Each structure stands twice: as structure tokens, then as C-alpha cells.
2 protein chains.
Amino acid sequence: MSLRHALLGLLTVNPGTGYELTQRFDRSLSNAWHASHSQIYPELARLDEAGFAEVVSEGARGSRTWAVTDAGREELRRWLTESEPNRSVRNEGAVRLFLLTLLDPADRRPVLERERAHIEEEHRQLRALAAELDALPEPAAFRPVIDLALRLGPVMAEWMTEQLEDG
Amino acid sequence: MSLRHALLGLLTVNPGTGYELTQRFDRSLSNAWHASHSQIYPELARLDEAGFAEVVSEGARGSRTWAVTDAGREELRRWLTESEPNRSVRNEGAVRLFLLTLLDPADRRPVLERERAHIEEEHRQLRALAAELDALPEPAAFRPVIDLALRLGPVMAEWMTEQLEDG
DNA sequence: GCCATCATGTAATTAGTTACATGATTAG
DNA sequence: CTAATCATGTAACTAATTACATGATGGC
């Protein structure tokens, strides 16, 4: 389970409430993982129980700000460096790309076009995010990861364009 | 749930037993989805119930060969062309890449090296698969999807090399 | 005879989604 | 005053993993 370690990571960047973490999950990790608040709140309780995170302050509307503990930081380091990655992925878009080859060109074409449009839209948003990060006094540590995504997008878009031309 | 449609797709390519489908799942779709036999057998029963697949022959050792029905083919077409893709992705490797930026360079380096080696090994296997497909009398319909993967690999490997040089 | 592989299933557990439920605060 | 957003939780359900369980066949 990497939900646990994703949360430890987000808390390492910055402490936050469960509500904030839910949002940051979507903003920073949406291309890799998704979790809703109903999964995040119980996991924060379990991180507490394990001594990996703790409530550092309580604010308005019953909000509770969580921070990672030293043990939590060490657990994240251990997980990243010592444990074997689980290579299994779930990517419905990729499944669709594969299955698309089973359709008639007439059915395939609009789906490919929709996919290409989506890839291009995602790329535009990534470019905007990159510009935002570069305007900050000191760009975020994860800036290079955005760069990787920025390189992969055009490769996928070009492939789709070719498929549309050939098929 | 795309397990159902992945199975319909595999059965569209070729009829097969649950056992064979489990293997073909790993061979053809491992870069997009994973399912074990304990998930596949019940799902075949549900596809039967829904009229999307049926047993076409029974062989040795109680094996049962399944094939997709016309309704199943139509359901697959409908799903691919008419339904909105679920864009949420689960990719632990990508989560790790993101979280890696939180580690000291000394801790980060060996993880990046391991990742790069893995990407390169995967690329070698894909090249071998591509060569195999090209040697067939008529290459598989999904051949272009292999090509896409072959283009993405080097981009990732290069990025990792750069990270190792800079960091 | 024994081990690998073929072949199918179920049970128990964990992970994840969707729906239900509640209340505080803020901006218009 | 009211709608949006902040904020937290639980319950019911579905999906997925891991473990348990069994037996046939073929090659050595």
C-alpha cells in the first residue's frame, strides 16, 4: 500500500489537515495515485497509532493539523530505499489504447481524437504549473518530475496523431 | 471497472480458458492492469450471466474454453466509444519518483539507478517482443501500442540519467 | 514415483469508492 | 440569509490481494 507513504511524503513537504491533504493529493499526485477523504482520515489515524504522524495543532471548525514524526520520516526513507516497488499498475487509459486495436477504424478514430485532445490539455496544464513553480523564489524540489511528464506528453500525442493519419 | 472489458478484449482476440486468460493478462496487459485467477474466474461467471461470454468447449482436466458473444463484442465497442474513461491511475513507481525528491542525494542515487536499470530491462523485453511480432506472417493488431511503449522508455531512462548526473 | 505445470475454484482480508451525515465559517 | 467552502467522520458496497484447497496430466 503506498497511500500510507504518499501521505507521509505530503506531510514531509508540509504539515496539513486531512482536508488539505485530500486536495494536495489530487494536485500533486493525481497522475500517480488517487485517494478520497474517506480513505485519508482513517489512514491518518493509523499513522498516528503507528507513531509516524501526530496532531500538532487544532484550529477552527474542529480542524486538526497533522505533521510527520521522525519515525515517520525514517519509515518513508526506508520504504523508498529498501523495499521493492510494486510494479503492478492500473491505468484504464492504457487498457483502452490496447483494446482500441480491436475496433473498426471508423469507431477507433473519434476515441483516438478524444484521447489526443485530453493528452494535449493535460500538457497545457502541466506547462502552466511549471511556469508557476519557476516564478516562485525557489522552485519546488519535485520540479524535475514535472519535466519528465512534460517530455512524455508530446511523445504520446505524436503517436496518436500518427495513428489517426495511418488508420 | 475495466477488468470486465479487458477480459472481453482478450476473448475477442482469441477464446481461452480462465487459466490461459490469466497468463495472457500478464503478457499483454501487464503495463496497464493486473488481475489474478481468483479475480478472473468469478468475472467470467459474471460475463456468462450477463450474456457477454459463454463456454464453447470443455477439455481435459475440467478446463472450459470461453468465447465472447455478439453481445459481448457490442458491449466492448460501446464501452470504448461511448463511456468516459476513468482517468484515475495507480502507479506506485510514479509515486516513488515524486517522493524521491524528499530524500538526500546519497539515498536518492541508488534508487534512481535501480529504476533506470528496470526501465532499460523492460525496454529490452519490449524490443524482443516487437521482433517476435514482426517475424509473424501478419503482425498483431496491437503492434503500434508496443511502439508507443518503445518510445516512452528511452525518454524516462534519459531523464533518470540526467537526474543522476545533476544530483 | 515425483515434480512442474495445467486447471479451477473459495475464503479471508485489505483497499478503495460511493453514499450518508453533520456542523462551522465566510463571502456575497 | 444563503450558498460555497472548510472540515471531519462513518457505513455500505465493490474490487483486489493473499491464502487455502483440490485434482489432472505429462515429462523425467
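Letters go in sequence order (proteins before strands), and every chain restarts at 1. These figures come from a predicted structure and were not determined experimentally. For the numbers below, each heavy atom of this structure counts, side chains included, while hydrogens, waters and symmetry mates do not.
Taking the charged nitrogens against the carboxylate oxygens, D104(B) and R108(B) have no contact shorter than 4.0 Å, which rules out a salt bridge. Salt-bridge check for R109(B) with E113(B): passed, with a basic side-chain N closer than 4.0 Å to an acidic carboxylate O. A salt bridge is defined here as a Lys NZ or Arg NE, NH1 or NH2 lying under 4.0 Å from an Asp or Glu carboxylate O, and R87(A) with E115(B) meets this definition. Between E75(A) and R78(A) there is a salt bridge, with a side-chain nitrogen of the basic residue lying less than 4.0 Å from a carboxylate oxygen of the acidic one. Using a cut-off of 4.0 Å between Lys/Arg side-chain N and Asp/Glu carboxylate O, E92(A) and R96(A) are scored as salt-bridged.
In this structure, Y41(A) atom OH and dG16(C) atom C1' are separated by 17 Å, rounded to whole Å. Per the geometry, CZ belonging to R64(B) stands 10 Å off C1' belonging to dG9(C), to the nearest Å. Between the P atom of dC6(C) and the CZ atom of R24(B) lies a distance of 14 Å, rounded to the nearest Å. For I40(A) and dT10(D), the CD1 to P distance is 15 Å, given to the nearest whole Å. Atom P of nucleotide dA24(D) and atom OH of Y19(B) are separated by 17 Å, given to the nearest angstrom. Rounded to an integer number of Å, the gap from CD of E20(A) to C1' of dC6(D) is 10 Å.
In terms of phosphate contacts, Q23(A) brings a side-chain nitrogen or oxygen within less than 4.0 Å of OP1 or OP2 of dC6(D).
Among the protein residues, E43(B) comes within range of no part of the nucleic acid, since none of its heavy atoms lies under 4.0 Å from any strand. Using a 4.0 Å heavy-atom criterion, one finds that E58(A) contacts no nucleic acid atom at all.
Between the side chains of E43(A) and Q39(A), no donor-acceptor pair of N or O atoms lies under 3.5 Å. Checked by atom type, the side-chain pair R116(B)/T161(B) shows a donor-acceptor distance below 3.5 Å.
Under the 4.5 Å side-chain heavy-atom criterion for grouping Ile, Leu, Val, Met, Phe, Trp and Tyr, V145(A) is connected to L80(A) within one hydrophobic cluster.
When hydrophobic side chains of Ile, Leu, Val, Met, Phe, Trp and Tyr are connected at separations under 4.5 Å, Y41(A) ends up clustered with Y19(A).
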Between the protein and nucleotides 15-17 of chain D, list every N/O to N/O distance that falls short of 3.5 Å.
residue: dA16(D); atom: OP2; partner: Q39(B); partner atom: NE2; Å: 2.6
residue: dA16(D); atom: O5'; partner: Q39(B); partner atom: NE2; Å: 3.1
residue: dA16(D); atom: O3'; partner: R90(A); partner atom: NH2; Å: 3.4

Between protein and nucleotides 21-28 of chain C, what N or O pairs are separated by less than 3.5 Å?
residue: dT25(C); atom: O4'; partner: R61(A); partner atom: NE; Å: 3.2

